[in-house]
Amino acid sequence: MAKYYPTIGLEIHAELKTQTKMFCSCKNNPDEEKPNVNICPVCMAHPGTLPVANKQAIENVIKVGLAIGGNIADFTEFDRKNYFYPDIPKGYQISQYKYPIVSGGHLADFDVTRVHLEEDTANNKHDRGDFSLVDFNRAGVPLMELVTEPKTFDASDDVAAKSASHFAKELQLILWYLGVSEANMEKGEMRVEANISVSEDKNVLGTKVEIKNLNSFKSVERGIKYELDRMVNLIESGKKDEIVQETRGWDDAKQSTFSQRKKESSHDYRYFPEPDLPKMKLHEAFEIEKMKGELPELPAEKRIRYKNDFGIKDEDIEMYINDPNLGQFFEIVCKNLEFQKEKVKIASNYLLSDLQGLKNKDKFKSNNTYNFSELVNMIFENKISSRVAKDLLVIMVDTGGSPLKIATEKDLLQKNDEGAIKAIVEKIISENPEVVATYKAGKENAIMSLVGKIIKESKGSANPQIVIKLLKELMG
Ligand code: ZN
Ligand code: MN
């Protein structure tokens, strides 16, 4: 098979988290379920109304630009992007064309071309039969658009598709860490479109296809992979001219793409500067250098710090990176444990496996760093067995409280006292003569079944080493 070079460019829209909409004082509430309540004459495009730009939204885009190392424009302006559709009441979208807020930057495997600010459209609902409804709550919500440079991969379709989905994930993390967007893909707060092509010649681009409806990171990966494979198959079977420039939708149920509309040439949106909004000089209106210094710790920096400070596995670090609240909990616990490596390792294991499976874990995490640290210390000092530790954690999460206190009350502390364990060992030996006989006949493994019974009888508190030692002594 010939070698093919996939080229991928990404366009990502993200709704920004602001109090109000982009150009009016309507509430920006993505969770509003009642249609058409967050609307006013401005976002409904009544004649004579004037837009006022939302400073918070501009600030959010500047933060994103700084976080990806982009250039913050000195001069910027808004433009009208003209098109007719029921979800855009003005007949144009206020967007940015020639002078985006951010130019350049880099994230994951992609160079960033630009990040600009625009307004979101209304929601059309086509599921009611032979008519459609429009909900304008989303119309005019601040929307950030990030465009990457096309990247040609010298690698397989799989690698290229994964790299695109990884970019989207990294962008989502940055938006979270900056606190500028919830960027929930399933809710449509972050929308990914991919422009892709394949070519046999690294220096010549193939025909470009745009994929939409990529509503999850998995869809981004699968949609791109599917489309790259489709194009390669057409080329291989001599049907290269069936690859046409078009927009294709990803059908998640069928796991395939379908043609939506053919693009003869790029749309003529008749962009022109928005006359109702002032031009902006960002370096005068904002303290850009100060904002740069005040950026929060970003995922890339946090990964390095976690690696250096805690020495835990990369997969574990990713769990904390993806769940900053969990990371916060872990960090406080580590501080309580004075960063002792062995204890940190125990803490991370229990936090990422046992605690994550429990129903009330979120409530627990809000104020139980001290109790959790105490539990880790008890495990480290061999005061409890791992079985008891798991049981204790369940109780702690359900009812709260000090694990040492709970363990003492319920008599679960590890018994290292031979006298106390001996009574249980003797009891189990007398109850299981046939197992004892098997052991004495030379099947040494039989001892493990007795150990299990003794530990169970002690509710997990008997120290297994001492149990084995006593069993061997007593059975001769
Ligand atoms: Zn409004
Ligand atoms: Mn856009």
Side-chain angles (χ1 to χ4, degrees), residues 9-16 18-30 32 34-58 60-61 64-65 76-85 87-103 112-124 134-148 168 171 175 180-181 183 185 188-195 210-214 247 260-261 263 266-272 274 276-277:
L10 298 166
E11 271 176 45
I12 303 184
H13 286 88
E15 285 175 7
L16 298 176
T18 52
Q19 291 293 313
T20 56
K21 288 188 182 180
M22 188 60 226
F23 299 112
C24 61
S25 54
C26 287
K27 237 171 138 183
N28 171 11
N29 178 11
E32 178 58 66
K34 204 163 177 252
N36 296 313
V37 288
N38 295 323
I39 56 170
C40 75
V42 177
C43 53
M44 292 303 289
H46 289 196
T49 56
L50 289 171
V52 179
N54 183 331
K55 195 175 174 190
Q56 179 71 57
I58 299 168
N60 286 353
V61 174
V64 174
T76 186
E77 66 180 1
F78 287 101
D79 295 275
R80 290 188 181 182
K81 181 182 181 181
N82 298 280
Y83 66 96
F84 181 79
Y85 205 63
D87 64 7
I88 196 100
K90 291 192 290 285
Y92 58 84
Q93 178 191 33
I94 302 181
S95 179
Q96 295 193 286
Y97 188 51
K98 254 193 184 161
Y99 301 98
I101 295 175
V102 180
S103 301
V112 172
T113 313
R114 56 187 277 155
V115 189
H116 72 247
L117 187 55
E118 54 189 37
E119 55 180 337
D120 209 347
T121 58
N123 258 319
N124 291 335
V134 188
D135 176 5
F136 287 93
N137 285 338
R138 203 183 66 179
V141 161
L143 193 63
M144 175 198 106
E145 179 176 338
L146 178 148
V147 182
T148 74
L171 180 64
L175 298 175
V180 302
S181 173
M185 286 192 75
E189 291 165 344
M190 182 164 117
R191 296 163 232 157
V192 178
E193 288 157 36
N195 286 300
E210 184 178 346
I211 319 174
K212 285 182 186 282
N213 300 348
L214 302 168
T247 300
Q260 283 185 316
R261 63 186 146 92
K263 267 189 184 168
S266 77
H267 257 84
D268 182 11
Y269 290 115
R270 294 188 300 117
Y271 279 102
F272 65 86
E274 165 63 66
D276 292 338
L277 284 163

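Order of appearance sets the numbers: ligands from 1, and atoms from 1 within every ligand. The residues of the chain are indexed from 1 along the displayed sequence.
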Interatomic distance, CD@Q96 vs NE2@H116, rounded to 0.5 Å, equals 6.5 Å
For E118, the N, O or S atom at the shortest distance from the Mn ion (ligand 2) is OE2
In this structure, the Zn ion (ligand 1) sits at the vertex of an angle between SG of C24 and SG of C43 that rounds to 10° as 110°
- Is it true that a side-chain atom of N137 and a backbone atom of N38 form a donor plus acceptor pair closer than 3.5 Å? yes
S181 side chain vs L175 backbone, donor-acceptor pair below 3.5 Å: no
With rounding to 10 degrees, C26 SG, the Zn ion (ligand 1) and C40 SG define an angle of 100°
Output field for angle at the Mn ion (ligand 2), E145.OE1 vs H13.NE2, rounded to 10°, should show 80°
Notebook entry, point to check: Is there a donor-acceptor pair under 3.5 Å between the side chain of D79 and the backbone N or O of Y271?
Noted result: no
